[in-house]
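Structure record follows, encoded as structure tokens.
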Amino acid sequence: MVVFRLVSELESVETIAEARSIRDLPRLNRTYGRAHWRKRKGVGTIELENGAMRRAELHWYEAHGIGRRELKFKRYVE
């Protein structure tokens with residue numbers, strides 16, 4: 001698991017799954033509340049534990065009124 005902190009705005013944001021297409025939908029509804037969930041991806045600058053700054057692709061879940069949850073590192077970009 002990569003420990004990081006997001007230090008820039010996310011760019012090139014796309015929705016990769018919505019509502020019933022999300023495998024974790026029952027868990028998301030149970031944990032954060034029922035909502036119209038989307039799984040999204042985007043690119044942003046992150047600061048790693050050792051202080052290095054890298055561009056990375058990130059995935060997360062998002063719902064109106066609840067916001068962005070479970071930001072996950074996927075891969076380095078560039």
Side-chain angles (χ1 to χ4, degrees):
M1 178 171 77
V2 176
V3 178
F4 66 91
R5 182 175 66 93
L6 184 62
V7 294
S8 73
E9 293 293 317
L10 291 163
E11 304 165 1
S12 306
V13 175
E14 322 176 16
T15 299
I16 54 178
E18 280 189 74
R20 294 172 57 182
S21 299
I22 299 172
R23 284 185 247 177
D24 286 341
L25 187 61
R27 182 184 60 79
L28 291 169
N29 283 330
R30 191 172 51 250
T31 304
Y32 303 110
R34 289 182 53 83
H36 184 79
W37 287 99
R38 294 172 184 86
K39 185 170 184 180
R40 309 200 76 193
K41 76 176 183 178
V43 175
T45 302
I46 60 173
E47 181 180 9
L48 302 173
E49 236 177 342
N50 65 4
M53 305 284 261
R54 298 285 307 263
R55 302 251 316 139
E57 180 180 312
L58 304 168
H59 289 197
W60 68 93
Y61 298 106
E62 187 174 287
H64 180 74
I66 297 175
R68 188 184 308 155
R69 296 288 185 260
E70 301 181 17
L71 197 63
K72 297 179 249 181
F73 166 83
K74 287 299 178 178
R75 67 184 177 94
Y76 293 119
V77 181
E78 295 169 11

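Of all the heavy atoms in Leu48 and Arg54, the pair that sits closest is CD1-CG, 3.9 Å. When all heavy atoms are compared, the tightest approach of Val77 to Ala56 is CG2-C, 3.8 Å. Between Glu47 and Val7 the shortest heavy-atom distance is CB-CG1, 3.9 Å. Nearest heavy-atom pair, Trp60 versus Arg69, reported as atom, atom and distance to 0.1 Å: CB-O, 3.6 Å.
Between Leu28 and Glu70 there is a side-chain heavy-atom pair separated by less than 4.5 Å. Looking at Ile46 and Leu58, their side chains come closer than 4.5 Å, going by heavy atoms from C-beta outward. Proximity of Ile66 to Tyr61: side-chain heavy atoms (C-beta onward) are nowhere separated by under 4.5 Å. A 4.5 Å side-chain heavy-atom check between Arg68 and Leu6 finds at least one atom pair inside the cut-off. Looking only at side-chain heavy atoms (C-beta outward), Glu57 and Lys41 come within less than 4.5 Å of each other.
Taking the charged nitrogens against the carboxylate oxygens, Glu62 and Arg38 have no contact shorter than 4.0 Å, which rules out a salt bridge.
Environment of CZ in Arg55: crowded, with over 12 heavy atoms of neighbouring residues, nucleotides or ligands closer than 6.0 Å. In Glu49, the CD atom is not crowded: 12 or fewer heavy atoms of neighbouring residues, nucleotides or ligands sit closer than 6.0 Å.
Note that CZ of Phe4 and CE of Met53 are 13.0 Å apart. Values are rounded to the nearest 0.5 Å. Annotation: the span from Arg40 atom CZ to Glu14 atom CD amounts to 9.0 Å, rounded to 0.5 Å. In this structure, Ile22 CD1 and Lys39 NZ are separated by 8.0 Å, a value rounded to the nearest 0.5 Å.
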What do the steps show when you test Trp37 against Asn29 for side chain to side chain donor-acceptor pair (under 3.5 Å), and what is the final call? CA-CA 9 Å; Trp37 287 99; Asn29 283 330; 3.3 Å; yes

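Scored by the ring-ring contact (aromatic ring centres under 6.0 Å, His included) test, Phe73 finds Tyr76 as partners (sequence neighbours excluded).
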